[in-house]
Amino acid sequence: MKKIICILFFIPQMLAAQNVNYDEARIPAYTLPDILTGIDNKKITSAAQWEANRPALVRLFAENVYGITPEIKSRVKYKIIETNNNALGGKAIRKQVLITFEDFPQLNGINLLLYIPKHIRKPSVFIGLNFEGNHSLGNDPDVLITQNWMVDFQKNPEHIFKNRATLASRGKAVVETWPAETIISKGFAMATAYYGDIEPDHAEGWKAGLRGCLNKTEETEWSAMGAWAWQLSRMLDYLETDNDVNSKKAIVIGHSRLGKAAFWAAAQDQRFAAFISNESGEGGAALKRRWYGETHEIINKNFPHWFSGKYKTYAGSIDALPFDQHQLFGLIAPRAVYVSSAEGDQWADPNGEFLALKNAEPVFALYGKNGLGVDAQPKVDNPVGSDIRYHYRSGKHHMTAYDWEQYLKFAAEVVNKRK
Ligand code: GTR
């Protein structure tokens, strides 16, 4: 398993090896745009002023990076495919909900898998996308196998054959991002869906996905990241109709590319009560201006569909971007946020992830929220912060039991306690 993840992770690094820097001392000096200067160039000194600045800042990120999410008005149907009141050894309620869009019959719809602990009434809920279908996450035999196209992450035809999941791939996810039993035992619900339900993750994938339904060309307003973020909001729409969970306490979480999508979803959609970035790196939690690990040029070369056409025009001139990712964290305030990096994941620029969150502190302070409590990136396995939190884990690019231990603590201490 670990070997597969390493291969996956290192391919793009090998492709672009000549441009990759892992030496902090070689990073050219850069200046971050002042987070407390509004789009109108006026100084921001109150939460109200930050709120007033919010829509224009979201718009700026959309225009330049993630693409503009169009107004999509399609009638939505929720079909509860099945419910089981004795799932996960009798500890959880399981629901599988098919979300379809009347105007886009070409799409199979979003298959939402929901586990709800039985010992808590209306629990907070972790919500996020998964890499290889709901069935790949655990050994629950009744979870439906996704029929949709998927990236051949594993290079193992027993699990993914001709870009489709096989029966044998149940419980065989390349990244075990969702420990359902642990989440349930701590009194939280989880809601997840396969990210390829809305757009297959390849350069031409938009044609078969939601963006294709809208007849937008790839290079126009929005991007695959935008479509996946949209998917997360539609999953939350459903949760708002489900009385068994507390949708006001929805914690959007994502690993790696799915962390980038979750970040953009949380920035745009303030209904998400909290955001957790697990090694989302370039295009996610990491500062763009730092020449360290994956860069703007590399990510756009390897994944041209992830971001908007406009974003590509900053190749070689990233300093010209009128913002950086610390401001995207500012857009999460005053909600709770957790960022995690891993020592064996220098590709994601762990220190750049820390610095982005650190430089967002002034916005959280406007709302009376505490900062990280440290000035420099902490040592490994030493979580810091209270309202906003960060850890630098030992080990590789992954989402581990250690990560979840911190997230569940954070959810109990911060998210559950908020009004
Ligand atoms: C890598 C990519 C990263 C990250 C990762 C993943 O190949 O360079 O930005 O998104 O994939 O999603 O696993």
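Keep in mind the model is a prediction, meaning the values are calculated, not measured. Read the numbers this way: they start at 1 and go in the same order the structure lists the ligands and their atoms.
- Contacts of H255 with ligand 1, taken as heavy-atom pairs under 4.0 Å, are absent altogether.
- Using a 4.0 Å cut-off to heavy atoms of K260, the atoms of ligand 1 that qualify are 3 (C), 4 (C), 9 (O), 10 (O).
- Not a single heavy atom of E279 sits closer than 4.0 Å to an atom of ligand 1.
- A side-chain N or O of H305 and one of D201 form a donor-acceptor pair less than 3.5 Å apart.
- Partners of Y367 according to the side-chain hydrogen bond (donor to acceptor under 3.5 Å, both in side chains) rule, which considers only residues two or more places apart in sequence or in another chain, are E51.
- Those atoms of ligand 1 with a heavy atom of W306 less than 4.0 angstrom away are 9 (O), 10 (O).
- A search for salt bridge (Lys or Arg N to Asp or Glu O under 4.0 Å) contacts involving K358 returns E361, D375, not counting sequence neighbours.
- Aromatic ring orientation, W264 versus F61: tilted (interplanar angle from 30° to 60°).
- Heavy-atom contacts of H397 reach the following atoms of ligand 1: 13 (O) (cutoff under 4.0 Å).
- A cation-pi arrangement is not found for R54 relative to W50, the charged atom failing to lie both closer than 6.0 Å to the ring centre and inside a 45° cone about the ring normal.
- Only the side chain of I299 comes within 4.0 Å of ligand 1, counting heavy atoms alone; its backbone N, CA, C and O stay farther away.
- The residue F153 has no part lying near ligand 1, judged by heavy-atom distances below 4.0 Å.
- Using a 4.0 Å cut-off to heavy atoms of S256, the atoms of ligand 1 that qualify are 4 (C), 5 (C), 6 (C), 10 (O), 12 (O), 13 (O).
- Comparing heavy-atom distances from atom 2 (C) of ligand 1 across E294, E282, H398, R257 singles out E294 as nearest.
- Note on ring orientation: taking the six-membered ring where Trp is involved, the planes of H391 and Y407 are parallel (angle under 30°, cut-offs 30° and 60°).
- Note: F354 and Y390 have perpendicular aromatic rings, judged against thresholds of 30 and 60 degrees for the angle between ring planes.
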